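Report on the structure given below.
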Amino acid sequence: MRSSAIIFALLFSAPAFADDAQTAAQEILARFDHEPDVRSLQRRAMSYAHAHPAEVASWRGRARISALLPQLRVAVDYNTDADDTRTFTSATSEPRQVLGNDQKAGYELRASWDLDEVVFNRSEIQVRRAVVNASRQRDNVVSEVTKIFFSRRRAQVDLLLAEDLSAKARVKAELRIAELTAYLDGLTGGWFSKQIRK
Amino acid sequence: MRSVFAPIVAAFLMFASVPLVASGPSDSATDAITLHQGIVVATTAQGLYRWNGTEWTLWHPLSLRGLSRTAIRPQVSEERLERVRAFDEVFEELVPSYGESAAVIAAADLLGYDRPKPQLRFEGLQEAAEPLHRAVLAAASHRGWFWACTIDGMYRIGATVHRLRQLGGACFDLVAGGGGLVAATERGYFKLLSPGDWQRLSGPLSGAFVGLAQRAGRVFAATGGGIYELADRPIRRSGVVAEAFGRLGEQLVVLRDAKVSFLDEQGQIRPTGKRVAGAVLRAGDGKFLVTTEELWRVDQDGLAWVPIRPTDGELRGALDYGGLWLATSSGVVLPQRLAEDQLLARMGDVLSPQRAVSFSNQLQGAMNRRGLELPNINPAWSRWLPKVAFVFDSGARRGVGVRDLEALADTLDIDPADIDLDLVDAEREWRNDLIDASWRAQVQLSWRPASDQVASKRTQIDSLRRGLLGERRRVSRRASRMLAGFLAAERRLILHPPRSVRSAAHRLLKIRTKRALLEGLLDEEIP
């Protein structure tokens with residue numbers, strides 16, 4: 001009878017098992033909040049690879065503006081000429097001599113627009129082709145850095161939750177984390193480790 | 001005081017914990033689902049229910065002793081095992097002459113001790129691996145009877161429920177097939193010869209019990225001491241210590257570290273390369289390998305994962321009979337039950353209209369930020385737009401001393417040859433007037449309305465548009481797949497809650513990964 005009472009006391013006191021597991025898991029994951037979050041990492045990786053959307057927008061803006069800007073030409077000229085004119089009016093008389101010295105200065109300012117480029121801009125066409133490649137590259141970078149980030153986080157959680165881990169296994173686990181950290185540093189130019197150290 | 005208080009507390013707790021209204025397999029934990037004489041039978045801790053085509057009806061109630069929410073494991077010590085074996089041997093010798101109950105007393109007199117009771121270790125609530133609250137460990141239909149292997153021993157069910165006390169106080173496993181029925185109990189291993197007549201194949205084997213399997217008329221048992229074939233005597237076929245053991249098809253299945261392997265005729269382990277998720281409940285009842293989260297079966301290609309709809313509770317058993325019936329800790333899942341609308345009703349709004357519109361807007365924004373909006377250029381206009389040039393030029397001419405020396409000589413009344421050069425220079429200054437200055441402004445317009453130019457531009461624009469459309473399609477498809485994956489992972493966490501902290505952490509990380517991939521693609525946070 002007493003053992004039945006114990007059994008039913010255990011039954012009566014059972015917690016909501018699944019909720020506890022999720023709550024505990026949230027608390028464990030919160031221990032890594034001091035590290036950079038994945039969105040910052042993605043932005044950094046995109047900038048490092050020059051695949052950030054802001055760069056693409058910059059190319060396109062510049063290509064568009066180029067059609068509105070004129071081609072300017074400025075020219076300056078200066079010349080001097082001297083002439084000595086002798087006019088013979090007869091075979092015997094002295095020639096009429098006229099000495100002349102001219103100075104000429106001038107400048108030209110030319111501004112020209114190809115108005116057809118406003119409608120169809122060859123530079124913009126080329127830029128937009130490059131945009132397609134940049135878009136793919138950007139997705140590859142973001143996808144790779146995200147997967148590695150969470151692989152690293154999983155390894156950290158596994159190490160944290162591991163019980164009775166041998167020294168060898170622990171070293172192996174920590175090396176794996178270090179490997180993934182180095183991978184992220186490679187994709188961000190060392191930014192990730194610096195952020196962790198802060 | 002304690003002797004008065006404990007029964008009162010126990011009675012109170014008993015009433016507090018047992019539901020006032022017994023609910024059937026529709027919504028209460030079901031441990032096994034079996035086909036018996038063409039009728040689907042669900043076995044719960046409270047009783048056996050039969051499906052009548054529209055609902056579950058109670059067939060026989062069960063009153064199992066030792067019902068608890070803890071996992072129960074037989075605790076083994078070699079000395080105790082020896083005492084049990086010795087007692088059983090003497091008991092077997094005396095039963096034909098004395099009968100069962102008298103043989104127990106006579107054996108106790110001869111040996112000087114009572115039959116050792118099974119040491120059952122209550123492990124309490126714990127994380128992960130062990131399934132909780134299973135009262136019925138296996139059920140089978142054989143020779144017209146329904147057999148239930150429970151924590152309270154073996155039961156034979158027909159018109160009445162009969163407890164087979166001679167097989168022991170607790171049953172661990174039961175397998176039927178190949179014309180035989182074999183049970184593993186705390187007293188050992190028994191094979192049914194005819195109803196009421198059991199042959200004891202072996203006493204308890206060394207090590208904790210793991211699993212039982214029957215193949216081609218041969219019986220195998222796995223314990224902590226290895227894998228044995230129960231023939232005339234137990235023959236150790238393999239030293240492998242399995243975590244779960246059973247039969248799938250014609251293969252003996254061994255599980256270690258969630259990895260599935262087959263045991264061949266020579267006792268060698270052949271890995272399948274497959275890994276299961278969740279705690280293994282049944283390594284093989286002939287048809288299915290059941291874990292708390294997954295279902296596997298053997299087909300012509302080997303071990304195959306069976307896709308099942310998400311369930312509210314952990315899996316406990318399966319039956320393939322006009323569809324897949326699943327016994328879970330939240331009740332029986334009927335094959336036709338989880339229709340699309342019911343599944344959606346259970347999951348709630350997977351994607352509300354507002355969220356769908358918001359996602360669509362975010363996707364468009366992402367496309368525009370990437371520069372993927374489609375060009376809207378009509379190159380025909382460019383043909384008529386000229387090149388425009390504004391030209392402004394200005395010039396000045398200074399006539400420096402255009403000197404008429406003769407006129408100068410006339411003015412000075414001297415001979416032109418006598419003109420002093422210094423005077424000429426002075427005269428230059430006098431003559432140093434701006435003689436001529438001019439400027440010009442010009443507008444130049446030039447056209448080249450050649451139609452081949454337009455055609456060439458159109459070709460370039462079309463090529464660009466195709467490239468952009470392809471990239472837009474790729475981004476859209478990727479975003480949609482990522483969104484679906486993210487929502488599915490979220491819903492799965494709700495419908496299929498993790499059982500351990502590690503599993504919960506991994507599932508949460510999986511959701512965060514999918515969310516991060518989607519946010520990275522859209523380059524903004526999603527609600």
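It should be emphasised that the depicted structure is a prediction, and the values quoted were computed from it without experimental measurement. Residue numbering restarts at 1 for every chain, and letters A, B, ... go by the order of the sequence lines.
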- Message: Given heavy-atom pairs under 4.5 angstrom as the criterion, report whether the side chain, backbone, both or neither of Glu524(B) touches chain A.
- Response: backbone
- Item | Smallest separation among heavy atoms of Thr513(B) and Thr146(A), with atom names | O-CG2, 4.1 Å
- Applying side-chain hydrogen bond (donor to acceptor under 3.5 Å, both in side chains) to Arg153(A) and not counting sequence neighbours gives Glu35(A), Gln156(A)
- Choice from Thr80(A), Leu29(A), Asp37(A) maximising heavy atom contacts with chain B below 4.5 Å: Leu29(A)
- By a 4.5 Å heavy-atom criterion (distance strictly below it), what part of Gln71(A) contacts chain B: side chain, backbone, both, or neither? neither
- Task: Grab the two heavy atoms, one from Pro498(B) and one from Gln22(A), that are nearest each other, plus how far apart they are.
- Result: CD-NE2, 3.8 Å
- Pick from Trp113(A), Phe149(A), Tyr78(A) with the largest number of heavy-atom pairs that fall under 4.5 Å of chain B: Trp113(A)
- Measure Ile28(A) against the heavy atoms of chain B and call it side chain, backbone, both or neither at under 4.5 Å. side chain
- Task: Supply the atom-to-atom distance Glu108(A) CD to Arg440(B) CZ, rounded to the nearest 0.5 angstrom.
- Result: 6.5 Å
- Take atom CZ in Phe150(A); do more than 12 heavy atoms of anything else shown fall under 6.0 Å from it? yes
- Message: Under 4.5 Å from any heavy atom of chain A, what part of Arg512(B) do you find: side chain, backbone, both or neither?
- Response: both
- Kindly determine whether Gln460(B) and Arg129(A) satisfy side-chain contact (heavy atoms from CB on, under 4.5 Å), including the steps that lead there. CA-CA 10 Å; Gln460(B) 291 179 53; Arg129(A) 282 205 183 102; 4.3 Å; yes
- Message: When you compare the side chains of Gln444(B) and Arg110(A), does any donor N or O come within less than 3.5 Å of an acceptor on the partner?
- Response: yes
- Check each atom of Arg43(A) against the heavy atoms of chain B and say whether the ones under 4.5 Å are side chain, backbone, both or neither. side chain
- Begin from the C-alpha positions of Glu373(B) and Arg128(A) and carry the test side-chain contact (heavy atoms from CB on, under 4.5 Å) through to its verdict. CA-CA 10 Å; Glu373(B) 63 267 24; Arg128(A) 295 195 83 179; 3.6 Å; yes
- Item | Heavy-atom pair with the smallest gap, counting every atom of Val131(A) and Gly371(B) | CG1-O, 3.5 Å
- Task: Could you check Val142(A) against Leu521(B) for side-chain contact (heavy atoms from CB on, under 4.5 Å), going step by step and ending with a plain yes or no?
- Result: CA-CA 8 Å; Val142(A) 166; Leu521(B) 187 78; over 6 Å; no
- At their closest point, which heavy atom of Ala21(A) faces which heavy atom of Ala504(B), and how far apart are they? O-CB, 3.6 Å
- Message: Going by side-chain hydrogen bond (donor to acceptor under 3.5 Å, both in side chains), name the residues that satisfy it together with Asp158(A), two or more places apart in sequence or in a different chain.
- Response: Arg502(B), His506(B)
- Minimum side-chain heavy-atom gap Val38(A)-Glu519(B) below 4.5 Å: no
- Sort Arg507(B) into side chain, backbone, both or neither according to what part of it lies under 4.5 angstrom from a heavy atom of chain A. neither
- Query: Between the main-chain N or O of Ala516(B) and the side-chain N or O of Gln42(A), is there a donor-acceptor pair closer than 3.5 Å?
  - Reply: yes
- Task: In sequence, state the C-alpha distance, the side-chain angles, and the governing distance for Arg39(A) and Asp523(B), and then conclude on side-chain contact (heavy atoms from CB on, under 4.5 Å).
- Result: CA-CA 9 Å; Arg39(A) 286 290 295 140; Asp523(B) 198 26; 3.4 Å; yes
- For residues Arg370(B) and Ser135(A), report the shortest heavy-atom separation together with the two atoms involved. NH1-OG, 2.7 Å
- Item | Over 12 non-hydrogen atoms of neighbours within 6.0 angstrom of CZ in Phe32(A) | yes
- Task: Taking all heavy atoms of Ala25(A) and all of Leu508(B), pick out the closest pair and write down the distance.
- Result: CB-CD1, 3.7 Å
- Task: Measure distances from Val132(A) to the heavy atoms of chain B and classify the residue's part below 4.5 Å as side chain, backbone, both or neither.
- Result: both
- Considering only heavy atoms, which portion of Val443(B) lies under 4.5 Å from any heavy atom of chain A: side chain, backbone, both, or neither? neither
- Query: Any chance CH2 of Trp447(B) has more than 12 other-residue heavy atoms, nucleotides or ligands included, within less than 6.0 Å?
  - Reply: yes
